[in-house]
Amino acid sequence: AILLGIISFMATMTFAQGWEVPKITPEDYADVKLSSEAAGDTTFYYLYNIEGDGFLTNGRADTHTGQTWNTHAVLNSTGHRLFVAKYELKDETGTITKEWDGKSVYIINWHSDSWQKVFAVDELRMYVDYANQEDAYPAWEMIKEDGNIYKFKVSESNTAEFTTEMKALKDYSYLGFNIYDEDWTDSQRKALTPMIDVLSDEKITDACITWAFIPEAIYDAYQTAVTNYNSAVKLGEYIASVKENYPEVSVSAAENVYNNTASTAEQLDAANKQLQEDVYNYRIGTELVGASNSNPKDATSFMTNPDFETGDATGWTVDVGSTSASGYQGDSYQNGEVTISNFIQAWRPTYNVDANKLGDGSIYTTVKNMPAGKYKIACDAIAVFQKAGAPMVTGVYMYVKSGESVNVRREVATEDQMPQHYEITFAINEQADIEIGLLAESTTASWIAADNFKLTYYGEVSDPNQPVLEGLVEQYEG
């Protein structure tokens, strides 16, 4: 049955002309097997909400809970492994004190490296980490329908008495997801509700209350198919972009991988990476040609995320000791004509304690395969110890590094929340990678930040030391 299930959704994934979205199909739904305490008598599943197209897992449900806890039961594209066991109670000696009623079960999911029960708190809230709370409801009435479809109700066999609100709902409510729930987020995380009112036809239309148990092997194969599909989509979109924008670059190797719908995510991603490198090298060889002091070329586009307008720190590494917050920061600070807004940082709160300084390390990115010649790198930066009356900091540098021969830096020190503009002129004598960023070295700073990186190329030079001297003169005159 498991093999047939795998084939069923795999068949929906591909067809001769290309890739198709993988789907869970009715052929994948299992007739659930209840697990007992006998050794080896456990069958694992993933619980799939059919209308909601998602698996039971944990997440935030702020509107439901009024909290930012990450343990509410939600739907998402991936789920928790789980099994189902009879609901019965035993005393300390193992003697059964409450017999199974023939319909109520525990849903036991793997959460935070342990098996924990899914439970309701009331008609609105439910969690995945039951801890034997006396006023909670870990038992669920499981109702099987045709086609291995299931529904769940908060069981009246729970030892905790229903609240007034729960009593009013108990005869016509089910566990599910309401499509108008305010906890439905852009990331497709969908908050579950233990008792959705389905008394009227209108409310039934809005509720996603049918479930299926997906065997572990089918789930794993499905997730692999989804990963392959997502990689194929990315590669297909990039191939189309290259054909439109860089028709001189060959895409045939990438197309061969893309057109083979048996390609794995690893193969698709490798083809994507290679094509990106081919485009990058083509651009290096064409867009920077003819650069000189009188005709400089803007090379900023060869940097990854130079102004952090992506809303994250993609392409950058923050490796600075003793930080409390590091990476992307979305705030904005202005000092005359210099503004940083969406930037990268390393920060440590001072609490007016002079010893609370950043440790050694750097914030950096690497620009690949740049041609030999003269460059200027510019950025706007902050370096400060955040305490009233603190002196200007030492030990913070804007730096450029390439191989063993190029290691240029200049000091960075500012007032609090007052960015300044910094530049370094340098040269490399052969095609090479260039590392650019901020360096902390025995620093007195508690906060360093940078934004608005700009890289300019001036062409080849006969003496790589000359641009460095030019840069030092510019700093002195500035």
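A ring-ring contact (aromatic ring centres under 6.0 Å, His included) with Tyr219 is found for one member of Phe44, Tyr45, Phe55 and no other, namely Phe55. Here the options are Thr339, Asp307, Asp380, Thr300, the test is side chain to side chain donor-acceptor pair (under 3.5 Å), and the partner is Asn452; only Asp380 passes. Exactly one residue among Tyr457, Tyr280, Phe453, Tyr375 makes a ring-ring contact (aromatic ring centres under 6.0 Å, His included) with Phe302. That residue is Tyr280.
Heavy atoms only, all atoms of each residue included: Gln345 and Trp347 are closest at OE1-CB, 4.0 Å. Of all heavy-atom pairs between His111 and His80, the closest is ND1-CE1, 3.5 Å. Contact record, Asn356 with Ser446: O-CB, 3.7 Å, taken as the closest heavy-atom pair. Asn49 approaches Ile209 most closely through the heavy-atom pair ND2-N, 4.4 Å. Val128 approaches Leu56 most closely through the heavy-atom pair CG1-CD2, 4.4 Å.
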Q | Worked check of side chain to side chain contact (heavy atoms under 4.5 Å, CB included) between Thr365 and Met303 | A | CA-CA 8 Å; Thr365 189; Met303 297 182 66; 3.9 Å; yes
Q: Verify side chain to side chain donor-acceptor pair (under 3.5 Å) between Ser112 and Ser114, making sure each step is shown before the conclusion.
A: CA-CA 6 Å; Ser112 294; Ser114 65; over 6 Å; no
Q. Do Thr210 and Glu51 pass the side chain to side chain donor-acceptor pair (under 3.5 Å) test, and can you show the C-alpha distance, the side-chain angles, and the key distance before you say yes or no?
A. CA-CA 7 Å; Thr210 59; Glu51 299 95 342; 2.7 Å; yes
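Taking the ring axis of Phe385 as reference, the NZ or CZ atom of Lys357 stays within 45° of it and closer than 6.0 Å to the ring centre.
Within 6.0 Å of the NZ atom in Lys401, the count of heavy atoms belonging to other residues, nucleotides or ligands does not exceed 12. Within 6.0 Å of atom CD in Glu415, 12 or fewer heavy atoms from other residues, nucleotides or ligands are found, so the atom counts as exposed in its surroundings. Residue Glu337 qualifies as open at atom CD: its count of foreign heavy atoms under 6.0 Å is 12 or below. Atom NZ of Lys387 has more than 12 neighbouring heavy atoms from other residues, nucleotides or ligands inside a 6.0 Å radius.
Side chain of Thr443 to main chain of Ala445: a donor-acceptor pair is present (N/O by atom type, distance under 3.5 Å, no hydrogens or angles). At least one donor-acceptor pair under 3.5 Å links the side chain of Ser402 to the backbone N or O of Asp433. No donor-acceptor pair under 3.5 Å is formed between the side chain of Ser231 and the backbone N or O of Asn228. With hydrogens and angles disregarded, a donor-acceptor distance shorter than 3.5 Å links the side chain of Trp316 to the backbone of Asn305. Within the 3.5 Å criterion, the main-chain N or O of Asp331 finds a donor-acceptor partner in the side chain of Gln329. Judged by distance alone, with hydrogens and angles left aside, the side-chain atoms of Arg410 form a donor-acceptor pair with the main-chain N or O of Glu423 at under 3.5 Å. With hydrogens and angles disregarded, no donor-acceptor distance shorter than 3.5 Å links the side chain of Trp69 to the backbone of Asp62. In this structure, Thr193 contributes its side chain and Ile196 its backbone to no donor-acceptor pair below 3.5 Å. Between the side chain of Asn281 and the backbone N or O of Glu277 there is at least one donor-acceptor pair closer than 3.5 Å. No donor-acceptor pair closer than 3.5 Å links the side chain of Asn295 to the backbone N or O of Ala291.
Leu268 places none of its side-chain heavy atoms less than 4.5 Å from the side chain of Lys234. By the 4.5 Å heavy-atom criterion applied to side chains, Ile239 and Leu275 are counted as neighbours.
With respect to Arg409 and Glu441, a salt bridge is recorded, a charged nitrogen being found less than 4.0 Å from a carboxylate O. Ion pairing of Glu435 with Lys368 is absent here, as no side-chain N (NZ or NE/NH1/NH2) approaches a carboxylate O to less than 4.0 Å. Look at Glu216 and Arg81 and you find a salt bridge, because one of the NZ, NE, NH1 or NH2 atoms lies within 4.0 Å of a carboxylate O, short of that distance.
If you check the side chains of Lys190 and Asn178, you find no donor sitting under 3.5 Å from an acceptor. Between the side chains of Tyr328 and Asn342, at least one donor N or O sits under 3.5 Å from an acceptor N or O. For the 3.5 Å distance criterion, the side chains of Asn369 and Gln431 fail to qualify, holding no donor opposite an acceptor. Side-chain atoms of Asn352 and Thr350 form no donor-acceptor pair, as typed in the model, at a separation below 3.5 Å. If you check the side chains of Ser301 and Arg283, you find a donor sitting under 3.5 Å from an acceptor. Residues Gln276 and Tyr238 have side chains that never bring a donor and an acceptor to within less than 3.5 angstrom of each other. Side-chain contact check for Thr314 and Asp312: at least one donor-acceptor pair (N or O, by modelled atom type) lies under 3.5 Å. No side-chain N or O of Thr78 forms a donor-acceptor pair with one of Asn76 less than 3.5 Å apart. Between the side chains of Gln116 and Asp129, no donor N or O sits under 3.5 Å from an acceptor N or O.
Classified by interplanar angle (parallel below 30°, tilted 30° to 60°, perpendicular above 60°), the ring pair Tyr150/Phe213 is perpendicular. Note on ring orientation: taking the six-membered ring where Trp is involved, the planes of His72 and His64 are perpendicular (angle over 60°, cut-offs 30° and 60°). Relative orientation of the Tyr29 and Tyr48 rings is tilted, given thresholds of 30° and 60° on the angle between their planes.
Here Phe83 pairs with Trp115 under the ring pair (Phe, Tyr, Trp, His ring centres under 6.0 Å) rule; sequence neighbours left out.
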